[in-house]
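Supplied in structure tokens, the structure appears directly below.
Computed from a prediction, not measured in an experiment: that's the story for all the values here. Atoms within a ligand are numbered from 1 in the order they appear, just like the ligands themselves. In this chain, numbering begins with 1 at the start of the sequence shown.
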Amino acid sequence: MYKNPFEHLIAPGHTACPGCGQLMSARLVLDACGKNTIIANATGCLEVTTTKYPTSSWKVPWIHSLFENPSAVASGILAALKQKGLDKEVNVVAFGGDGSTFDIGFGLISGTWERKENILYVCFNTEVYSNTGYQASSATPFDANTTTTPPEKKSMGNNLVRKNMSEIAIAQGCIYVAQTTCGYPNDIINKVKKALTFSGPKYIEILTTCVPGWGTESEMTVQLGKLAHKTGICPVFEYYDGEYKVMKIPAPALKVEEYLKYHKRFKHLFKDEKGKEAISEIQKLADKNIDKYNLK
Ligand SMILES: Cc1ncc(C[n+]2csc(CCOP(=O)(O)OP(=O)(O)O)c2C)c(N)n1
């Protein structure tokens, strides 16, 4: 339903790119959390585009943290709220990009999970270090062209298979874990609301487009989020009480080309036979997801 832009808890006037999947998703997450929320935000595009001195788009208490430690800052906030007897009334939420979450902040996130702290951690996964010029992270997809993994004679781009952070969260005993994409706004809202009904560590990962980093069109953001799911590239699911609840892929499942063809970062895969082979490897990874999460 249409909402006056000024009613959102992230106000307009920020400097995110048109069609930024991360900004759109963060706004949905925060609206779902509501006003009684404190955010600890890692540095990255979301921070830089919303807090250009002396302005801020955030209408809730929002704290800048370092690249590596939004989770530790959130732990401190939670401890202070407990001291004041306010921890049941306020949502403590940490935001990080994939560079922050999968790579440099990984150890500190794991600490909050070990301590079973009542914090919602949301990773906006653009699959690259967007803010510093699209370097590969451990969330970067296989064979993607990034500034640190350019396709060369001996490689087709990133030659590593991405880390599965959601499964690590499950293995560490997070009480609620979910994955979704910027293609499903209502799903984002529902998952955040559901997560906040649990007390304990919660992890939500949202695949969000990075228009310049992926080389995609601004107006494709929502469609790409849907295609990532419909091809099996990004399983959409939630996990709690020991069970997965998945968003099934409508039959017939699309081939990965239907997603890859819209990205400049995968353009080199459409040139020759070697590219065809690479696409069939990516298809195998998607098929593995479809089997593992029973997506059909
Ligand atoms: C310790 C440290 N290393 C590097 C940087 C530089 N830096 C700032 S933002 C950023 C990339 C952030 O990537 P990600 O977490 O994926 O967020 P995105 O920009 O993609 O939203 C880097 C490398 C920093 N601020 N601190």
Between Tyr239 and Tyr203, is the gap from one ring center to the other below 6.0 Å? no

Before we go on, tell me: are the rings of Phe95 and Phe124 under 6.0 Å apart, centre to centre?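 So the answer is yes for these two rings.
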
Please tabulate, line by line, the atom pairs linking an N/O of ligand 1 to a protein N/O at a distance below 3.5 Å, with the distance in Å to 0.1, or answer 'none'.
unit_1   : atom_1 : unit_2 : atom_2 : d
ligand 1 : 15 (O) : Gly99  : N      : 3.3
ligand 1 : 15 (O) : Ser100 : N      : 2.9
ligand 1 : 16 (O) : Asp98  : N      : 3.3
ligand 1 : 16 (O) : Asp98  : OD1    : 3.3
ligand 1 : 16 (O) : Gly99  : N      : 2.8
ligand 1 : 16 (O) : Val128 : O      : 3.2
ligand 1 : 19 (O) : Cys45  : N      : 2.9
ligand 1 : 19 (O) : Asn131 : N      : 2.9
ligand 1 : 20 (O) : Thr126 : OG1    : 3.1
ligand 1 : 20 (O) : Val128 : O      : 3.1
ligand 1 : 20 (O) : Ser130 : N      : 2.9
ligand 1 : 20 (O) : Ser130 : OG     : 3.1
ligand 1 : 21 (O) : Gln22  : NE2    : 3.0
ligand 1 : 21 (O) : Cys45  : N      : 3.3

Less than 4.0 angstrom from a charged side-chain N to a carboxylate O is my criterion; do Glu205 and Arg162 meet it? yes

Below 4.0 angstrom, N of the basic side chain to O of the carboxylate: do Glu258 and Lys255 qualify?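 Looking at Lys255 together with Glu258, the answer is no, because their closest N to O distance does not fall below 4.0 Å.
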
Look at Lys274 together with Glu277 and state whether they make a salt bridge at an N to O cut-off of under 4.0 Å. no

Drop me the distance from Leu227's CG to Glu257's CD, to the nearest 0.5 angstrom. 12.5 Å

